[in-house]
Trainee: 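Next up is a structure, given as structure tokens.
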Amino acid sequence: MKRLLLLLIRAYRTHISPARPPCCRFIPTCSAYALEAVEKYGAFRGGALALKRIAKCQPFHRQKSIEYDPVP
């Protein structure tokens, strides 16, 4: 499961992300965060951390500045 998630995230980073304008309001980007979280904590906990981060990275969030938010 972990390998599949890492493969999907890497595929997103190489094929889909370059076609979109940069829009992540966090450093590191959400895809880099997801890669690190899944590598460090595994598919379930790392995937949950990544989903939580992606939910926070939505355009209607009230803070407009860039935030530093590393993997715990």
Side-chain angles (χ1 to χ4, degrees):
M1 188 66 149
K2 179 179 173 179
R3 288 183 186 178
L4 177 63
L5 280 177
L6 292 173
L7 178 69
L8 290 173
I9 295 167
R10 287 188 181 113
Y12 168 80
R13 292 186 79 186
T14 58
H15 299 294
I16 298 171
S17 184
R20 300 182 61 217
C23 62
C24 190
R25 63 183 190 94
F26 292 105
I27 295 174
T29 62
C30 292
S31 59
Y33 181 94
L35 262 179
E36 188 178 344
V38 171
E39 286 174 349
K40 186 173 182 179
Y41 293 111
F44 294 106
R45 183 165 182 221
L49 286 170
L51 287 175
K52 183 178 173 184
R53 167 73 175 269
I54 291 169
K56 288 190 333 186
C57 191
Q58 44 100 359
F60 302 112
H61 190 272
R62 65 176 183 247
Q63 185 173 357
K64 298 296 182 185
S65 64
I66 295 177
E67 296 179 42
Y68 178 67
D69 183 26
V71 174

Trainee: Rounded to the nearest 0.5 Å, what's the gap from CG on Leu35 to CG on Leu5? Could you check?
Mentor: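 Result: 10.0 Å between the selected atoms.
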
Trainee: Under 3.5 Å, which donor-acceptor pairs link side chains of residues 8-17 to any protein atom two or more places apart or in another chain?
Mentor:
residue, atom, partner, partner atom, Å
Arg10, NH2, Glu39, OE2, 3.1
Tyr12, OH, Arg20, NH1, 3.3
Arg13, NE, Ser31, OG, 3.3
Thr14, OG1, Arg10, O, 3.1
Thr14, OG1, Ala11, O, 3.3

Trainee: State which residues pass side-chain hydrogen bond (donor to acceptor under 3.5 Å, both in side chains) with Arg45; sequence neighbours excluded, sorted by chain then number.
Mentor: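 In terms of side-chain hydrogen bond (donor to acceptor under 3.5 Å, both in side chains), with neighbours along the sequence ignored, Arg45 is linked to no residue.
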
Trainee: Which ILVMFWY residues are connected to Leu7, directly or by a chain of links, through side-chain heavy atoms under 4.5 Å apart?
Mentor: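 Listed partners: none, Leu7 stands alone.
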
Trainee: With clusters built from Ile, Leu, Val, Met, Phe, Trp and Tyr whose side-chain heavy atoms come within less than 4.5 Å, directly or transitively, what are the remaining members of the cluster of Tyr41, listed by chain and number?
Mentor: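 Result for Tyr41 is Tyr33, Leu49, Val71.
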
Trainee: Could you pull out the closest heavy-atom pair between Arg25 and Cys57, with the gap in Å?
Mentor: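 Scanning both residues, the minimum pair turns out to be N-SG, 3.8 Å.
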
Trainee: Linking Ile, Leu, Val, Met, Phe, Trp and Tyr by side-chain heavy atoms under 4.5 Å, what else ends up with Ile54?
Mentor: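 Its cluster mates, by chain and number: none.
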
Trainee: List the residues meeting side-chain hydrogen bond (donor to acceptor under 3.5 Å, both in side chains) with Arg3, not counting sequence neighbours, and say none if there are none.
Mentor: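 So Arg3 forms no side-chain hydrogen bond (donor to acceptor under 3.5 Å, both in side chains) with any residue.
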
Trainee: If you look at every heavy atom in Met1 and Ala43, which pair is closest and at what distance?
Mentor: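 Scanning both residues completely, I find the closest heavy atoms to be CG-CB, 3.6 Å.
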
Trainee: Restricting to non-hydrogen atoms, name the atom on Pro28 and the atom on Pro70 that form the minimum distance, rounded to 0.1 Å.
Mentor: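 The answer is CD-CA, 4.4 Å.
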
Trainee: Give the minimum heavy-atom separation between Lys56 and Asp69, together with the two atoms involved.
Mentor: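 That closest heavy-atom pairing would be NZ-OD2, 3.5 Å.
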
